Amino acid sequence: MGLTPTFDRDDLVAVAVHPGIGVGLAHRDQQWALATADPLATLAEIHAASSPRWVWWDRHTSSRIAETEIPIDRCWDVSVVHRLLFGGWKSPLSEVWAALHDLPLDTIPQMGQLDLLAMPDHDGDPDLPLQPDGHLRPEWIDARWRSSPQTLATWSSLALRAASLQDDLLGDLPDPQRARSTARSESAAELLCAEMARDGLPINTDEALRLIGRSAGVRPRSVSHEDTIRAERDGHVFDQLSPRRELNLRNPREVKAMLRSQGFDLPDTRRWRLEALRDGEPLIDALLTWRKAERIATTYGYGWLDENVSDGRLRGDWSSSDGAAGRMTASAGLHNLPAEMRTVVEAEPDHLFVRADLGQIEPRVLAAVSADRALVGAAEQPDLYLPVAKRLGVEREIAKVAVLGAMYGATTGESAHALAGLRKSYPTAMKMLEDAAEQGKLGHDVFTSGGRRVRMWTDPSVHGDLDRAISVAAARGRFARNALIQGAAAEFFKVWAITVRRHGRSLGARVVLCLHDELLVHCPARNAAAVADMVDRGVSEAAHYWSPTPSVKFVADVSIVQRWSEAK
DNA sequence: ATCGTAGGCGCC
DNA sequence: AAAGGGCGCCTACGAT
């Protein structure tokens with residue numbers, strides 16, 4: 001393979017690969033179309049020789065790379081950077097390209113649209129990836145890009161152009177260096193997501209079956225058997241009614257009416273409301289117990305296991321920034337597995353988990369991004385809430401609720417009461433939150449510390465309804481206020497996660513779960529102590545790289561466990 | 001039948 | 001302590 005090019009570490013090199021076809025590369029004005037039987041092996045060779053920063057369009061390429069363990073740390077994912085620049089959830093490449101070229105979205109061509117009259121005018125040469133009007137050609141996005149080594153090369157050169165335009169736009173933000181570093185870390189986090197989707201979370205399947213059996217009963221043999229099991233579960237609640245009667249427990253309205261007839265007049269039947277009445281009330285107790293069992297039976301039951309667990313791994317889709325403020329999302333229950341089910345998440349033989357979660361991450365992030373002097377001072381302490389409580393002259397718990405309330409936009413109760421004290425003691429931090437809330441109320445987008453655009457929405461149902469308009473504005477205010485913190489915390493968390501991913505490689509450690517402020521790392525048992533140490537030091541390394549205010553302390557609770565449930 | 005929405009609950 | 005922000009996934013229900 002004497003024709004493979006080599007690059008420098010600082011080079012931006014775009015790549016598109018497809019199995020059985022080849023590798024396309026682009027760097028500056030050059031392109032390479034490599035026809036090879038094993039494209040990923042070829043790419044691995046090039047990477048081993050020169051490790052440039054790799055640029056690609058999207059998951060099509062990063063998933064392939066994740067499949068083959070090429071040790072890539074530095075990359076630029078155009079679709080990920082698009083979401084950073086423009087906000088929103090989806091980033092179809094047609095829109096990514098259009099946004100970078102100021103092309104109107106409503107002229108984006110649709111695949112399979114037989115607009116015969118328009119074809120001669122708009123189509124031009126189908127061998128070219130761009131239409132005469134500048135839009136990406138839909139058949140190229142769909143499949144044409146991977147039809148030959150030459151089209152792969154062409155496709156990668158377009159990704160390189162897109163990345164360059166994105167870099168220009170990031171340069172227009174208030175802090176270009178910071179925004180560019182966010183673009184890089186978010187891209188690496190997307191690669192980590194592809195790897196987590198590939199690896200899955202280790203599960204003890206037998207243990208899962210036992211646990212499901214305890215809650216949901218035996219595995220139903222037929223539809224009618226399923227009905228029997230369900231009726232039995234429901235029966236425990238009906239037994240508490242005198243006279244005993246049946247109702248549809250899955251219909252909130254019926255449940256609410258039933259509770260009223262039993263002397264409980266409630267605005268809704270939410271758990272926290274019922275929990276307060278639980279003591280000495282067998283009916284409420286039975287209902288809450290039923291809901292827990294029903295949850296496991298329906299969401300985390302046999303169906304869930306069959307659908308998402310294979311070869312002892314729970315696999316779901318991972319997205320590095322699907323949330324409104326740029327949080328990671330995961331499907332298949334990876335982000336909302338009930339606490340009592342976490343016993344089934346178990347390390348493989350001769351392996352252990354290192355589990356770590358960031359402590360008091362949100363107020364620390366607020367201190368870091370606002371640089372509020374007093375709050376930064378508090379964030380130098382291992383327990384941030386103690387100095388805050390002292391300053392406000394209240395109990396620690398009250399101080400905690402007040403700070404969290406300020407970040408979530410609480411309007412009533414104890415936390416709202418303490419707001420005046422917070423404003424006085426931490427004026428810079430509070431003003432930052434209030435400015436964001438004001439922008440949100442006005443319907444303006446807000447930007448996280450790392451430069452992510454958080455889109456504000458408009459609610460068409462408002463019309464001329466003043467009350468509705470006020471409540472929508474208030475909701476947007478709370479959302480924007482929180483997005484600043486949640487978004488910045490997500491950015492910091494991802495820097496930590498990719499730091500752990502990178503250092504973990506030599507220790508055989510894999511990040512198998514990311515949960516907003518928590519990491520689960522799977523590693524050979526003999527390396528667990530070293531991995532735990534690395535994960536802990538990774539917090540400081542990530543803080544050094546990410547935090548706009550160096551003296552803010554970031555801390556993590558790290559433990560070595562065999563099961564996820566053991567920690568905390 | 002298929003869709004979107006709401007209430008609900010799991011997690012952070 | 002109060003019930004605020006985010007996500008995914010369940011069921012029921014009304015509109016299409």
Side-chain angles (χ1 to χ4, degrees), chain A residues 89 215-216 230 247-256 266-276 287-288 290-301 303-304 307-308 316-342 345 357-362 366 385 394-419 433 436-437 440 446 454 461 474-490 493 513-519 564-565 568:
Chain A
W89 284 258
S215 260
R230 195 159 46 202
L247 68 143
N248 184 357
L249 293 170
R250 294 156 192 83
N251 183 335
R253 260 187 279 182
E254 278 189 49
V255 173
K256 196 173 148 187
L266 301 166
D268 58 61
T269 68
R270 288 169 191 244
R271 194 174 72 123
W272 64 267
R273 238 182 256 283
L274 296 176
E275 204 74 57
L287 182 58
L288 287 169
W290 174 87
R291 278 197 180 154
K292 230 179 180 69
E294 174 77 0
R295 167 67 41 179
I296 291 186
T298 56
T299 308
Y300 302 104
W304 168 78
E307 186 93 7
N308 303 296
D317 298 328
W318 286 88
S319 171
S320 63
S321 59
D322 241 8
R327 270 188 173 183
M328 279 191 187
T329 58
S331 67
L334 283 155
H335 270 180
N336 39 10
L337 202 66
E340 65 265 35
M341 288 203 67
R342 295 184 177 188
V345 178
D357 72 303
L358 298 168
Q360 306 176 338
I361 184 60
E362 289 174 328
L366 175 59
Y385 294 121
V394 297
E395 294 293 314
R396 182 186 176 282
E397 279 309 297
I398 304 281
K400 179 179 171 181
V401 170
V403 172
L404 293 175
M407 292 186 295
Y408 285 143
T411 52
T412 55
E414 200 78 52
S415 56
H417 187 69
L419 208 59
L433 293 172
V446 292
V454 179
S461 76
R476 279 200 307 229
R478 287 192 299 271
F479 170 69
R481 178 191 287 266
N482 184 250
L484 233 55
I485 303 304
Q486 199 186 94
F493 174 81
L513 183 85
C514 291
L515 190 43
H516 308 318
D517 66 347
E518 182 175 359
L519 277 179
W564 189 13
S565 53
K568 269 202 173 141

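Atoms considered below: every heavy atom in the structure, side chains included; atoms not considered: hydrogens, waters and symmetry mates. Convention: sequence-line order gives letters A, B, ...; per-chain numbering from 1. Given the structure is predicted, the values throughout are model-derived calculations rather than measurements.
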For this session: Give the nucleotide from the list dG10(B), dG14(C), dC11(B) with an atom nearest to the side chain of Ala339(A).
Result: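 Comparing dG10(B), dG14(C), dC11(B) against the side chain of Ala339(A), the answer is dC11(B).
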For this session: Select one nucleotide: of dG14(C), dG7(B), dC11(B), the one nearest the side-chain heavy atoms of Pro338(A).
Result: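 When the side chain of Pro338(A) is considered, dC11(B) is the closest of dG14(C), dG7(B), dC11(B).
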May I ask you to evaluate whether [X] reaches the phosphate of [N], defined as a side-chain N or O under 4.0 Å from OP1 or OP2?
X: Asn251(A); N: dG7(B); answer: no
X: Arg342(A); N: dC12(B); answer: yes
X: Lys292(A); N: dG10(B); answer: yes
X: Arg478(A); N: dG4(C); answer: no
X: Thr269(A); N: dG8(B); answer: yes

Measure from [atom1] on [X] to [atom2] on [N] and round the result to the nearest Å.
X: Trp564(A); N: dG10(B); atom1: CH2; atom2: C1'; value: 11 Å
X: Leu287(A); N: dG7(B); atom1: CG; atom2: P; value: 18 Å
X: Glu294(A); N: dA12(C); atom1: CD; atom2: P; value: 9 Å
X: Arg230(A); N: dA12(C); atom1: CZ; atom2: C1'; value: 13 Å
X: Arg250(A); N: dG8(B); atom1: CZ; atom2: C1'; value: 13 Å
X: Leu433(A); N: dG5(C); atom1: CG; atom2: P; value: 15 Å
X: Asn248(A); N: dA12(C); atom1: CG; atom2: P; value: 5 Å
X: Leu249(A); N: dC10(C); atom1: CG; atom2: C1'; value: 15 Å

Regarding [X], tell me which of base, sugar-phosphate or nothing describes its non-hydrogen contacts under 4.0 Å with the strands shown.
X: Gly409(A); value: nothing
X: Lys400(A); value: nothing
X: Ile398(A); value: nothing

For this session: Please indicate whether Glu275(A) has more than 12 foreign heavy atoms, meaning atoms of other residues, nucleotides or ligands, lying under 6.0 Å from its CD.
Result: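 Yes, the 6.0 Å shell around CD holds more than 12 heavy atoms from other groups.
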Problem set entry | Pairwise side-chain contact, Ile485(A) with Leu433(A), heavy-atom cut-off 4.5 Å (strictly under) |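 Yes; the side chains approach each other to less than 4.5 Å.
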Check: [X] side chain, [Y] main-chain N or O, donor-acceptor pair, under 3.5 Å:
X: Arg476(A); Y: Gly440(A); answer: yes
X: Arg481(A); Y: Ala406(A); answer: yes
X: Asn308(A); Y: Trp304(A); answer: yes

Could you pull out the protein-nucleic contacts involving nucleotides 6-8 of chain C (nitrogen or oxygen on both sides, under 3.5 Å)?
residue	atom	partner	partner atom	Å
dG6(C)	O4'	Gln486(A)	NE2	3.1
dG8(C)	N3	Asn336(A)	ND2	3.1

Exercise. Who passes side-chain contact (heavy atoms from CB on, under 4.5 Å) against Glu340(A), sequence neighbours left out?
Worked result: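 In terms of side-chain contact (heavy atoms from CB on, under 4.5 Å), with neighbours along the sequence ignored, Glu340(A) is linked to Lys292(A), Ile296(A), Pro338(A).
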Please tabulate, for the side chains in residues 249-256 of chain A, all donor-acceptor contacts under 3.5 angstrom to protein atoms that are two or more places apart in sequence or on a different chain.
residue	atom	partner	partner atom	Å
Arg250(A)	NE	Glu294(A)	OE2	2.8
Arg250(A)	NH1	Asp234(A)	OD2	3.1
Arg250(A)	NH2	Asp234(A)	OD1	3.1
Arg250(A)	NH2	Glu294(A)	OE1	3.3
Asn251(A)	OD1	Arg253(A)	N	3.0
Glu254(A)	OE1	Asn248(A)	N	2.9
Lys256(A)	NZ	Pro267(A)	O	3.2

For this session: Identify the two heavy atoms, one from Leu484(A) and one from Ala436(A), that lie closest to each other, and give their separation to 0.1 Å.
Result: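 Nearest pair, atom of Leu484(A) first, then Ala436(A): CD2-CB, 3.6 Å.
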